[in-house]
Number of protein chains: 2
Amino acid sequence: MTQLQRRKIPDAAIARLPIYLQILNNLAATNVLQFSSDELAALAGVNAAKVRKDLSYLGSYGTRGVGYEVTYLIYQIKRELGLMREWNVVVVGAGNLGCALAKFDGFLSRGFPVVGIVDNDPKKIGRTTSSLTVGDVADLKNIVRDEKVNIGVITTSSAAAQSAADALIEAGITSILNFAPVVLSTPSSVSVRHVDLGVELQILSYYEQMRIETGIKSDTSPELSKVGVQ
Amino acid sequence: MTQLQRRKIPDAAIARLPIYLQILNNLAATNVLQFSSDELAALAGVNAAKVRKDLSYLGSYGTRGVGYEVTYLIYQIKRELGLMREWNVVVVGAGNLGCALAKFDGFLSRGFPVVGIVDNDPKKIGRTTSSLTVGDVADLKNIVRDEKVNIGVITTSSAAAQSAADALIEAGITSILNFAPVVLSTPSSVSVRHVDLGVELQILSYYEQMRIETGIKSDTSPELSKVGVQ
DNA sequence: AGGGCTTAGTGCATTAATTCACAAAGTCAG
DNA sequence: CTGACTTTGTGAATTAATGCACTAAGCCCT
């Protein structure tokens, strides 16, 4: 109760930590040992105060006058984000996108192995895609239990998305990544992230139209300077 | 100068308009003629005041005591977002994801036809995927000119993403949707939206871990009530 | 040992976004 | 025509996020 159960990190900061992690992994791969908030800020395209504030939510892990240690910060960010372990993923919907995601190595390489893919279309069930056989969505509960699934990814049609979500929740899943262009209705105990590719283009369309209407000013000055690190 | 060139709509509101549009299209398809801010709010999973404020940026198109007219609001949102026309898309990177997106009908159906796909790998150039032949990234400038491309989608490896962006910008593209897990360095005159699928899972991982640490409280009350409209 | 230099950490001001809450404007029934 | 009811539109309050600017710490060079 009175005991502080966990540092509360603002959502906006949480969403940036994976970006920092990505960059730090690259730095580590090129044998960079240390970095300053200025350098990370340049690489991440944000301002240095924001980087320092974000990292300060993890604790005071920097050294004044010096900066932060790459490997130690990677450790701390991973710990905070819950990336010290793998989280198993099941994909619901074996269409183009679902199959592409099942093969997508960006999931596995970041600690999210896709351990199953299911569909409700008998024509798709049984097909094999990159070492996974498409299962029946009706077996979701068993798959989730047997494969210890933690996260569900919905790549069904929009018509089927809500029932896919219901099936995932019924199977005990509490984290969902939804690619279908519908707003899911879920209990508040379930985390849902919604990625709508059409929406992304529509947002770009707004700014593109705005540029056209207000007259194109061809500014080619770089917004993010590619600052060499160390 | 003193003349108001264009209503300035907050970024957060712009990002929600496509969601509203999506929902209104569904309503129109089921012959719903009118809706209130309360109803749209329930369907979009936000609060009613936010809906009203967002819609008010478009103008005063509601009727007090009644609500909004579905088709008219669809028109207004489309006008505002620049969706009265099509915007042509080129995909750079013909891997799993790139090919899946080229086939993805969610782009075409929302007014973003994919008119080209290119890669730098000679083994992929020349292949055909869903009526498109993979072109050479070196020809990007010609493709952009000939096909009147407005938006570039980057689905290359992270190593190739920056040069893909440079090539798009060189070819005159000012709107980019980037799926590669790197922060692109671009002029400020170019709009970039970054969708990093790994990041989305990492964010889910944080909240999932938090639930585990703080003890799972199995709340199954629906957050979004599926309110019938009209 | 000390002074200059660098950089983290953070309180505070600012800006952006959200939410409240209510007046204004309309409908509808009788 | 009037009064009860509904729902928009929006000032104002609140909350969240950002960015500034300064203090505190540590390094390095002489």
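All figures in this text were calculated on a predicted structure; none of them were measured in a lab.
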N/O contacts under 3.5 Å, protein versus nucleotides 28-30 of chain D?
none

> Any luck finding a side-chain donor-acceptor pair between A/Thr174 and B/Glu208 under 3.5 Å?
Replying inline: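 Per modelled atom types, A/Thr174 and B/Glu208 side chains form a pair under 3.5 Å.
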
Which residue pairs pass the salt bridge (Lys or Arg N to Asp or Glu O under 4.0 Å) test when at least one of the two sits in [range], sequence neighbours left out?
range                       : answer
residues 184-194 of chain B : A/Glu200-B/Arg193
residues 42-64 of chain B   : B/Arg16-B/Asp54
residues 19-35 of chain A   : none
residues 173-183 of chain B : none

> Yes or no on side chain to side chain contact (heavy atoms under 4.5 Å, CB included) for A/Ile176 and A/Ile169, after CA distance, side-chain angles and deciding distance?
Replying inline: CA-CA 9 Å; A/Ile176 294 176; A/Ile169 293 166; 4.1 Å; yes

>> For A/Leu83 and A/Leu21: C-alpha separation, side-chain torsions, deciding distance, then whether side chain to side chain contact (heavy atoms under 4.5 Å, CB included) applies.
In response: CA-CA 11 Å; A/Leu83 303 175; A/Leu21 178 59; 3.6 Å; yes

> If only atom types and distance count, is the side chain of A/Asn150 paired as donor or acceptor with the main-chain N or O of A/Asn88 below 3.5 Å?
Replying inline: yes

> Just checking A/Gly62: base, sugar-phosphate only, or nothing, at a heavy-atom cut-off of under 4.0 Å?
Replying inline: sugar-phosphate

>> What does the B/S/- profile of nucleotides 14-23 of chain D look like, 5' to 3', with a 4.0 Å heavy-atom cutoff to protein?
In response: ---SSBBB--

> For B/Glu170, which residues count as a salt bridge (Lys or Arg N to Asp or Glu O under 4.0 Å) partner, sequence neighbours excluded?
Replying inline: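 Listed in chain order: B/Lys141.
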
> Can you list the residues that meet the salt bridge (Lys or Arg N to Asp or Glu O under 4.0 Å) rule with A/Asp11, with sequence neighbours excluded?
Replying inline: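 If we apply the salt bridge (Lys or Arg N to Asp or Glu O under 4.0 Å) test to A/Asp11, skipping adjacent residues, the hits are A/Lys8.
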
[X] [atom1] to [N] [atom2], straight-line distance once rounded to whole Å:
X       : N      : atom1 : atom2 : answer
B/Asp38 : D/dT6  : CG    : P     : 12 Å
A/Leu33 : D/dC27 : CG    : P     : 16 Å
B/Leu55 : D/dT10 : CG    : C1'   : 14 Å
B/Gln34 : D/dT6  : CD    : P     : 16 Å

> For DNA chain D, whose closest nucleotide is more 5', that of A/Thr63 or that of B/Ser37?
Replying inline: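 Counting from the 5' end, the first nearest nucleotide belongs to B/Ser37.
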
>> Tell me whether the side-chain N/O atoms of B/Tyr68 come closer than 4.0 Å to OP1 or OP2 in D/dG9.
In response: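 Checking B/Tyr68 against D/dG9: at least one side-chain N or O falls below 4.0 Å of OP1 or OP2.
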
> How would you list, by chain and number, every residue that makes a side chain to side chain donor-acceptor pair (under 3.5 Å) with B/Thr156, sequence neighbours excluded?
Replying inline: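 None.
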
>> Holding to side chain to side chain donor-acceptor pair (under 3.5 Å), I want the full list of residues that pass it with A/Tyr72, two or more places apart in sequence or in another chain.
In response: A/Gln76

> Between which nucleotides of DNA chain C, read 5' to 3', does contact with chain A run, using atoms under 4.0 Å from its heavy atoms?
Replying inline: C/dT6 to C/dC12

>> I need the B/Leu43 CG to B/Asp38 CG distance, nearest 0.5 Å.
In response: 11.0 Å

> To the nearest 10 degrees, how far apart in direction are the end axes of the helix from C/dA1-D/dT30 to C/dG30-D/dC1, each fit to five base pairs?
Replying inline: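 The end-segment axes of the helix from C/dA1-D/dT30 to C/dG30-D/dC1 are tilted 10° relative to each other.
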
